[in-house]
Amino acid sequence: MCFGSCARCIGYKLLILALLSIVANILLYFPNGETRFASEHHLGKYVECLHGILGGGFLVLIPAAVFIGLHNDDCCGCFGHEDCGKSCAMLSSVLAAFVGILGSGYCIIISALGLSHGPYCFTHLERNWIYPFSESSGGYLFEYNKWSKCQEPQNIVQWNITLFSILLVLGGIEFILCFIQIINGILGGLCGLCCKPCYGCLNVIR
């Protein structure tokens, strides 16, 4: 198995996922494409946590850039050989993967809380901006007849559920990929960066 190629593959996937996460979080700020709710501060508290922009976005872009930057054109290095830096790079990528774990984990947690808490909206019954589903512990997700409680923004329940669910899934995939890279980075650092036999390493070991 070519550990460096695997790392770069993970990096490109994380790059795409991070960009999608940023876009999804930005869309949360503009229900139905309208900007007035953001300017009037009528957004839910979990929308403003930047979990998709900061957590699943920029904090995942860091390991993505590190993984993509890994090279493995030559054989593995070890103990004084000129290619040793590549094994060290694989091991250092583990630290970058932990940053991705933190970012994606933050995205997962906030997305789950956002889904459980429900949207912030204007209701005719209360004639005020409230969280009408905050006491349901996520039960409102299956009570479609109650979604009409939210009058403004229109379709805010569907909007929030869709985007928070997308962010939850994106964060989960990012978390898994970063975890895989932790294992890949450790194996790549210990065993070398490529699948070709490294005779220099073998001679040193002997």
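Numbers for residues simply follow the sequence, beginning at 1.
One N or O on the side chain of Trp159 and one on the backbone of Leu27 form a donor-acceptor pair closer than 3.5 Å. Side-chain N or O atoms of Ser104 include one that pairs as donor or acceptor with a backbone N or O of Gly100 at under 3.5 Å. Within the 3.5 Å criterion, the main-chain N or O of Gln158 finds a donor-acceptor partner in the side chain of Thr162. Formation of a donor-acceptor pair under 3.5 Å by the Gln151 side chain with backbone atoms of Ser148 is found in this model. A distance-only check finds no donor-acceptor pair linking the side chain of Asn155 to the backbone of Asn32 [under 3.5 Å].
Cys107 SG to Leu17 CG: the interatomic distance, rounded to the nearest 0.5 Å, is 10.5 Å. Taking CD1 of Ile10 as the reference point, atom CD1 of Ile68 lies at 11.5 Å (rounded to 0.5 Å). Annotation: the span from Cys178 atom SG to Leu59 atom CG amounts to 10.0 Å, rounded to 0.5 Å. Leu28 contributes atom CG, which lies 6.0 Å from atom CG of Leu167 (distance to the nearest 0.5 angstrom). A distance of 8.0 Å separates OG of Ser116 from CG of Leu141, quoted to the nearest 0.5 Å. Taking CG of Leu170 as the reference point, atom OG of Ser21 lies at 5.5 Å (rounded to 0.5 Å).
Placement of Ile166 and Ile16 within a single hydrophobic cluster is found when ILVMFWY residues are connected by side-chain heavy-atom separations under 4.5 Å, directly or transitively. Grouping the Ile, Leu, Val, Met, Phe, Trp and Tyr side chains by contacts below 4.5 angstrom, directly or via other members, places Phe179 with Leu187. Both Tyr106 and Ile26 sit in one connected hydrophobic cluster of ILVMFWY residues. Membership requires side-chain heavy atoms under 4.5 Å apart, directly or through other members. Placement of Leu113 and Leu50 within a single hydrophobic cluster is found when ILVMFWY residues are connected by side-chain heavy-atom separations under 4.5 Å, directly or transitively. Taking hydrophobic clusters as Ile, Leu, Val, Met, Phe, Trp and Tyr residues chained together by side-chain heavy-atom distances below 4.5 Å, Phe175 shares a cluster with Tyr12.
Heavy-atom contacts from other residues, nucleotides or ligands closer than 6.0 Å to CD of Glu143 number more than 12. Counting heavy atoms of neighbouring residues, nucleotides and ligands inside a 6.0 Å radius, atom OH of Tyr131 exceeds 12 of them.
The aromatic rings of Trp129 and Tyr120 sit tilted, their planes meeting at an angle between 30° and 60°.
The closest side-chain heavy-atom distance from Tyr140 to Pro119 is below 4.5 Å. In this structure the side chain of Leu61 reaches within 4.5 angstrom of the side chain of Leu15, judged on heavy atoms. Put simply, the side chain of His51 reaches to within 4.5 Å of the side chain of Ser111, judged on heavy atoms. Residues Val23 and Leu19 are not in side-chain contact: their nearest non-hydrogen atoms beyond the backbone lie 4.5 Å or more apart. Residues Ile182 and Ile101 are in side-chain contact: their nearest non-hydrogen atoms beyond the backbone lie under 4.5 Å apart. For the pair Val99/Val66, no side-chain contact is recorded, criterion being any heavy-atom separation below 4.5 Å from C-beta on. Counting heavy atoms from C-beta on, the side chains of Ile53 and Phe58 come closer than 4.5 Å. Considering only heavy atoms from C-beta on, Ile161 comes within 4.5 Å of Trp147 through its side chain.
Ser93 and Gln181 share a donor-acceptor pair across their side chains, judged by distance under 3.5 Å alone.
Minimum heavy-atom separation, Phe164 to Ile110: CE2-O, 4.3 Å. When all heavy atoms of Leu168 and Ala112 are compared, the closest pair comes out as CD1-N, 4.2 Å. The nearest pair of heavy atoms linking Val60 to Gly55 is CG2-O, 3.6 Å. Across every non-hydrogen atom of Gly57 and Ala18, the tightest pair is O-CB, 3.5 Å. Contact detail for Phe122 and Arg127: the closest heavy-atom pair is CE1-C, 3.6 Å. A pairwise comparison of heavy atoms in Ile156 and Cys121 identifies CG2-CB, 3.9 Å as the closest pair.
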- Message: Please evaluate residues Tyr29 and Val47 with respect to the criterion side-chain contact (heavy atoms from CB on, under 4.5 Å), reporting the C-alpha separation (whole Å), side-chain torsions for both, the decisive distance (0.1 Å), and the verdict.
- Response: CA-CA 7 Å; Tyr29 278 82; Val47 173; 4.3 Å; yes
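Checked against the 6.0 Å centroid threshold, Phe133 and His117 do not count as a close aromatic pair.
Every pair passing salt bridge (charged side-chain N to carboxylate O under 4.0 Å, His left out) that includes a residue from residues 30-56 is listed here, sequence neighbours excluded: Glu34-Arg36, Arg36-Glu152.
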